[in-house]
Protein chains: 2
Amino acid sequence: MSSNEKNTRIKILDATWKLMEDRRGLGVRMSDIAKAAGISRQAIYLHFDTRTVLMSATAIYVDEVKGLDERLKIVMSAATAVDALKAFVNVWGNYVPEIYGLAKALLAARETDEAAGVAWDERMGCLRDGCREIISGLDAEGRLAPEWTQADAVEMLWTALSFQTWEQLTVDCGWSVDNYVRHMTALVMRGFVV
Amino acid sequence: MSSNEKNTRIKILDATWKLMEDRRGLGVRMSDIAKAAGISRQAIYLHFDTRTVLMSATAIYVDEVKGLDERLKIVMSAATAVDALKAFVNVWGNYVPEIYGLAKALLAARETDEAAGVAWDERMGCLRDGCREIISGLDAEGRLAPEWTQADAVEMLWTALSFQTWEQLTVDCGWSVDNYVRHMTALVMRGFVV
DNA sequence: CATGTCAATTGACACAGTGTCAAGTGAATC
DNA sequence: GATTCACTTGACACTGTGTCAATTGACATG
């Protein structure tokens, strides 16, 4: 039955997701996932060719469940680009902890695995799109600081909001998400808005 | 003879460094290093207990040869904190490509290896110290933007100047080092200085 | 000259984790 | 009753790290 097949697939995705979050993306083996999903290790390979394929599929699955795209789109409907920017930082800063483990694992895999790199870039795509919209909005409203071309500002803002930056501030510096949002907002407001 | 022992050690460190830079920190095996150093794979373990120990030792070796500390100290002698900040971004931005491969490898190892994490934190220490001095100088000169406490500004500046940020802008966004320096300077000047 | 020391070599092996393969099981389907 | 299909089981190949024991070759000292 295809519903049974689907159930196993979903069980694997859920197990992968849960384990990645529990262990912050580190030390999650295929055998751990199999155990958590209640199937044999080899059965995973009936659904996903490689570990990387599984992680990419899990990332897509999580995106669907969590719906970052939608959250960001709502943000974009703010009255002004400045409001959108503030809301954007807030949504993103609060979203990262929900996907931290999986993102971390995907990022690590990216170093050695081409396919993981592609999957990562796709995940980060909507963030970059959001930055582009906001910068273009700022510019249209005449509030983009004169130092910046739109293209440069987009890339700098996207980098400031990167997963790695979020991680360094919260994990290495011990900031709360609220502090991250407050101070990152301050930085980008000063840095890009006039 | 102890000079012979030292020679082999240095040969290993040089080989490690060179390979890390050549391969941008990825896919460098102990056997590759041995081959490049002209010794047997097992002989490496006569000098370095583990791969991580070797990488940490190489990082220290590179630091000695390249002398980031000294370069940064010269920067600190600038007339004003603002000048120091600009020079700091310039020195750091131009320094990273010289240590990219090794830094990348150490950063990757950090995820699974406690000792690598310590080694990384030590390497990043002088950067953080520099940020602290600059922010405290800005504050003393009354030019730190009012949004910031010194502690918060130090951590945010340190994060803005992180290896990962440098990497995202130059590798992922394709910026030249000159562009990195110019735009990062613009961001931190706007973000922190008043 | 004989002896000891010490760095390095060689070959073998343990271990972990990914991915593959072949044979077999059990339940639904025709 | 035969087929199909997801899944299980056990075995194995492969890679890379780290360990071990036996051996070599150079050099230093008595």
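Small disclaimer: the values here were computed from a predicted structure and weren't measured. The sequence lines fix the lettering, A, B, ..., with proteins before strands; numbering per chain opens at 1.
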In whole Å, what is the span from the CZ atom of A/R51 to the P atom of D/dC14? 22 Å
Going by number, which of residues 106-123 of chain B have a non-hydrogen atom under 4.0 Å from DNA chain D? none
Nucleotide C/dC21, atom C1' - distance to CG of A/L46 in whole Å: 12 Å
Nearest heavy-atom pair of A/W17 and A/E98: which atoms, and what distance? NE1-O, 4.1 Å
For DNA chain D, what residues of residues 29-42 of chain B have any heavy atom nearer than 4.0 Å? B/R29, B/M30, B/R41, B/Q42
Taking atom C1' of D/dA6 as reference, at what distance in whole Å does atom CD1 of A/I10 sit? 16 Å
Spacing between A/D49 atom CG and C/dT18 atom C1', to the nearest angstrom: 13 Å
Carboxylate-amine/guanidinium proximity below 4.0 Å for B/R110 and B/D121: yes
Do the side chains of B/D178 and B/R182 get close enough for a salt bridge, i.e. N-O under 4.0 angstrom? no
Rounded to the nearest Å, what distance is computed from the NZ atom of residue B/K11 to the C1' atom of nucleotide C/dA7? 11 Å
Rounding to an integer number of Å, can you tell me how far A/L54 CG sits from C/dG17 P? 16 Å
Under the salt bridge (charged side-chain N to carboxylate O under 4.0 Å, His left out) criterion, do A/D129 and A/R132 qualify, and how do the steps go? CA-CA 5 Å; A/D129 292 342; A/R132 189 173 299 116; 3.0 Å; yes
Send over the distance from B/I44 CD1 to D/dG18 C1', rounded to a whole Å. 12 Å
What residue among B/K18, B/R23, B/R41 forms salt bridge (charged side-chain N to carboxylate O under 4.0 Å, His left out) with B/D32? B/R23
Show the atom names and distances, to 0.1 Å, of all donor-acceptor pairs under 3.5 Å that link a side chain in residues 79-93 of chain B to residues at least two apart or in another chain.
residue : atom : partner : partner atom : Å
B/T80   : OG1  : B/D83   : N            : 3.0
B/T80   : OG1  : B/D83   : OD2          : 3.3
B/N90   : OD1  : B/N94   : ND2          : 3.2
B/W92   : NE1  : B/L161  : O            : 2.5

Could you tell me whether A/R24 sits above the aromatic face of A/Y100, with NZ or CZ closer than 6.0 angstrom to the six-membered ring centre and within 45 degrees of the axis? yes
A/T165 side chain to A/T159 backbone, donor-acceptor under 3.5 Å: yes
Is any side-chain heavy atom of B/S56 less than 4.5 Å from a side-chain heavy atom of B/F48? no
To the nearest Å, how far apart are A/H47 NE2 and D/dT8 P? 9 Å
